[in-house]
Protein chains: 2
Amino acid sequence: MQGVRLVIARCSVDYIGRLRAHLPLATRLLMVKADGSVLIHSDGGSYKPLNWMSPPATLRVTAPDQADALLGVAETWNVQHTKSDDRLVISIYEHLHESSHDLGVDPGLVKDGVEADLQRLLAEQITLLGEGFSLIRREYMTAIGPVDILARDSRGATVAIELKRRGDIDGVEQLTRYLELLNRDPLMSPVRGVFAAQQIKPQARVLAQDRGIDCLTLDYDAMRGVDDVDSRLF
Amino acid sequence: MQGVRLVIARCSVDYIGRLRAHLPLATRLLMVKADGSVLIHSDGGSYKPLNWMSPPATLRVTAPDQADALLGVAETWNVQHTKSDDRLVISIYEHLHESSHDLGVDPGLVKDGVEADLQRLLAEQITLLGEGFSLIRREYMTAIGPVDILARDSRGATVAIELKRRGDIDGVEQLTRYLELLNRDPLMSPVRGVFAAQQIKPQARVLAQDRGIDCLTLDYDAMRGVDDVDSRLF
DNA sequence: CGGTAGATCTCGCCC
DNA sequence: GGGCGAGGTCTACCG
C-alpha cells in the first residue's frame, strides 16, 4: 500500500505496550500511513497525537467480537508493531469520512541554528573564548562521550567546552564528568572548563561557578553574521 | 472556527523562530486545528510532523507576492504564533484536496504504568526495599526538587529513593544531588540512596555503585498483580 | 511566571 | 542493535 489514509470516525482506543492507555469513545481523526503507522488526532493539543503506533506496524481490520458488537462497535482495527509487543486496538463505532492520498517521498527538512551549527561557528570563531585561543578539535571522543570542543588558551592550557543552545544544570553536570575524566590523564591535566550557551539559566551559572567552570553567553545571530554568507543554507 | 481542516497540497514551507527550517516543494498533508495550530505531515516518519506551528496561532491566507507568483505559488499561508515571534510560511503551489470535520471536545487519554503509578505501588509495597522498611513520604520537597520517596530502614536510618522507568546515568546524578543536599542537614544525615527502576542500564549501575548507591530492579507487572484489583483504571 | 523532571518521548549519530 | 545526547523537545506540576 502507498499513500496516507484519512478517516474520521467515532471510536475508542486502547494501547498496550510499554504502558497501557485508553481513549474513551469520541469523534477523532485517524491517519494511517503507508508504513502501517497510525496517528489518532483530536481537534486541539499540540503536534503529538492522543495515541499512536510507530512504524513499522501492520493494520488488520476485523469484525468486532459479540460483546463489542452489542455495544455498537462496527469494526475493530488491530495495529500491531512489527518488532515489539506494542499493540493498538481501535474500536470503530461510526465511519464518518474516508479518503486516501498519494504523497510520494518527501525531500525532508533542512535546519539551521541547531547545536551543530553553533558548534561549527564557535570552532571557527574560537577567539570568542578569549584572545590567543586556538582550536584543538571538535567532538573530542572520550570513553564517556564526546567533548563538544577542545581548545588551547593563550598560555597553552587545555580547555574543554560544553556547548548548549539553552544552558541547563544537566549541561554543567555533563561538563563536570568530562573534566573529571580528562584531568585523570596526566598528559592532559590540568584541563579547565567553559560552559557556552545562547542562554544560561541562573542555577546552572551558580553550579558552574561553584565548580570553577567559566560561563560564556553566545549570540547566534551575531556569530552567523560573521560567518561567510555563501555557507548559509538558505 | 471549529473542527479540523485537512488539505492535501503541493507546497514548500519555511519556519523562522527558535531556529530556521525549510521544506522543499513536495506533496504533503496539512492539518489545521481549531486553535490555529498547523501540522505538516508526509507519508512516513513517526508521529512527529515534518514541521508545525503550536497553538495558539492564527492562519492568514494571502495572495503570493509577484516573485512567488512567477514561481507558481497559488497562495501563501502565514501562520503566526500568538505569543512569540515564531512564524510558519507555507507556499501552496497546488491544492489537491480539502475537507473539514467537526470533532468536538476530546475526553482525553487515561494512562496506567507511568512513573507516578510505579511510585504509588512502591510506596504501598515499601518492603520491596528490604525487611523492616517504612514509608516516610512520597515527593519529599527540597530546594532543588522533589525526592521521589523518602523511607526509613529497619535500623531507623533515612533512605532517599529515586525512581525511574528506565534507569539512566542522569537518574544517578539526580539522586546524587539530592543525597548531597539531604546529608548537609545534621538532623537528617546520614541518608543513603537507592536507585530503583524497571530497567537499569549498565553504566548507570556502575556509577551508582561507585557512589555507594544501591540499585533495585522493579517488576511492574508483579507489583500491579499485588495491587488491589479495584484500584486499576481499566 | 520560572524551575524541575517525565516521556509509549522522537531522532540522529557513532560505536 | 545498544549507548548517548539533542530537541523549535512537549507536557505536567509545583513554587
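Letters A, B, ... mirror the listed sequences (proteins, then strands); counts begin at 1. We use all heavy atoms of the structure for the numbers below, so side chains are in, but hydrogens, waters and symmetry mates are not. Since we're looking at a predicted model, the values are computed, not measured.
- Spacing between atom NE2 of B:His22 and atom P of D:dG8 amounts to 17 Å, rounded to whole angstrom units.
- The side chain of B:Leu109 lies closest to C:dT8 when the candidates are C:dT8, D:dG7, D:dG8.
- Here B:Gln174 does not reach the OP1 or OP2 of C:dT4: none of its side-chain N or O atoms lies under 4.0 Å away.
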Would you mind writing out the side-chain donor-acceptor pairs for residues 194-218 of chain A within the sub-3.5 Å range, not counting sequence neighbours?
from, atom 1, to, atom 2, distance (Å)
A:Arg211, NH1, A:Glu173, OE1, 3.1
A:Arg211, NH1, A:Thr176, OG1, 3.0
A:Asp214, OD2, A:Arg192, NH1, 3.1

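- Just one of A:Ile136, A:Thr142, A:Leu175, A:Leu163 meets the side chain to side chain contact (heavy atoms under 4.5 Å, CB included) condition when paired with A:Val147; it is A:Thr142.
- For the pair A:Trp52 and C:dT8, the ring geometry qualifies as stacking, because the centroid separation is below 5.5 Å while the planes lie within an angle under 30°.
- Here B:Ile169 lies out of heavy-atom contact (under 4.0 Å) with every strand.
- For the OP1/OP2 pair of D:dA6 and a distance below 4.0 Å, the side-chain nitrogens and oxygens of A:Arg166 include no atom meeting the criterion.
- The closest side-chain donor-acceptor pair between B:Lys33 and A:His41 falls under 3.5 angstrom.
- Residue A:Tyr178 places at least one side-chain N or O under 4.0 Å from the OP1 or OP2 atom of D:dG5.
- For B:Ser46, whose side chain is taken as the heavy atoms from C-beta onward, the closest listed nucleotide among C:dG3, D:dG7, C:dT10 is C:dT10.
- Each of D:dG15, C:dA5, D:dT9 was ranked by its minimum atom distance to the side chain of B:Arg177; first place goes to C:dA5.
- OP1 or OP2 of D:dA6 has at least one side-chain nitrogen or oxygen of A:Lys164 nearer than 4.0 Å.
- Comparing B:Leu163 and B:Lys83 against DNA chain C, the residue whose closest nucleotide sits nearer the 5' end is B:Lys83.
- Tested against A:Tyr15 for a side chain to side chain contact (heavy atoms under 4.5 Å, CB included), the candidates A:Asn51, A:Ile40, A:Leu50 yield a single pass: A:Asn51.
- Between B:Lys48 and D:dG8, a side-chain N or O to OP1/OP2 separation shorter than 4.0 Å is present.
- The CG atom of A:Leu50 sits 14 Å away from the C1' atom of C:dT8 (whole-angstrom rounding).
- When each of D:dC10, C:dA7, D:dG8 is scored by its nearest atom to the side-chain atoms of A:Tyr47, the top-ranked nucleotide is D:dC10.
- Distance CG (B:Asp85) to P (D:dG8): 18 Å, rounded to an integer number of Å.
- When the salt bridge (Lys or Arg N to Asp or Glu O under 4.0 Å) test is applied to A:Asp86, the partners found at least two apart in sequence or on another chain are A:Arg18.
- Using a 4.0 Å heavy-atom cutoff across all strands shown, B:Glu173 reaches no nucleic acid atom at all.
- In this structure, CZ of A:Arg165 is placed 7 Å from P of D:dG8, rounded to the nearest angstrom.
- Taking atom OH of residue B:Tyr140 and atom P of nucleotide C:dT4, one finds them 18 Å apart after rounding to whole Å.
- Distance from the side chain of B:Met53 is smallest to D:dG8 among C:dG6, D:dG8, D:dG3.
- Rounded to an integer number of Å, the gap from CD of A:Glu115 to P of D:dT9 is 12 Å.
- Contact annotation for A:Arg87: no contact, since no heavy-atom pair falls under 4.0 Å across all strands.
- A straight line from CG of B:Asp168 to P of C:dA7 spans 13 Å, rounded to a whole angstrom.
- For B:Lys111, taking side-chain heavy atoms from C-beta onward, the closest of the listed nucleotides D:dG7, C:dG3, C:dT8 is C:dT8.
- For the P atoms, the distance from D:dC4 to D:dG8 is 22 Å, rounded to whole Å.
- Here, C:dT4 and C:dT8 have their P atoms 23 Å apart, quoted to the whole Å.
- Atom CE in A:Met141 sits about 10 Å away from atom C1' in C:dC13, given to the nearest Å.
- Position along DNA chain D of the nearest nucleotide to B:Lys201 versus A:Val114 favours B:Lys201 as the more 5'-ward residue.
- Residue A:Arg18 has a polar side-chain atom (N or O) positioned under 4.0 Å from OP1 or OP2 of C:dC9.
- Closest to the side chain of B:Asn51, out of D:dG8, C:dT8, C:dC9, is D:dG8.
- In this structure, a donor-acceptor pair under 3.5 Å is present between the side chains of B:Asp112 and B:Tyr220.
- Comparing A:Gln203 and B:Gly45 against DNA chain C, the residue whose closest nucleotide sits nearer the 5' end is A:Gln203.
- In this structure, A:Gln119 reaches neither bases nor backbone, as no heavy-atom distance under 4.0 Å exists between it and the strands shown.
- Among the protein residues, B:Asp86 comes within range of the nucleic acid bases, having at least one heavy atom under 4.0 Å from a base atom.
- For the residue pair B:Gln119/B:Arg138, the side-chain donor-acceptor check at 3.5 Å is satisfied.
- In this structure, the aromatic ring of A:Tyr15 is positioned over the six-membered ring of the base of C:dT8, centres within 5.5 Å and planes within 30°.
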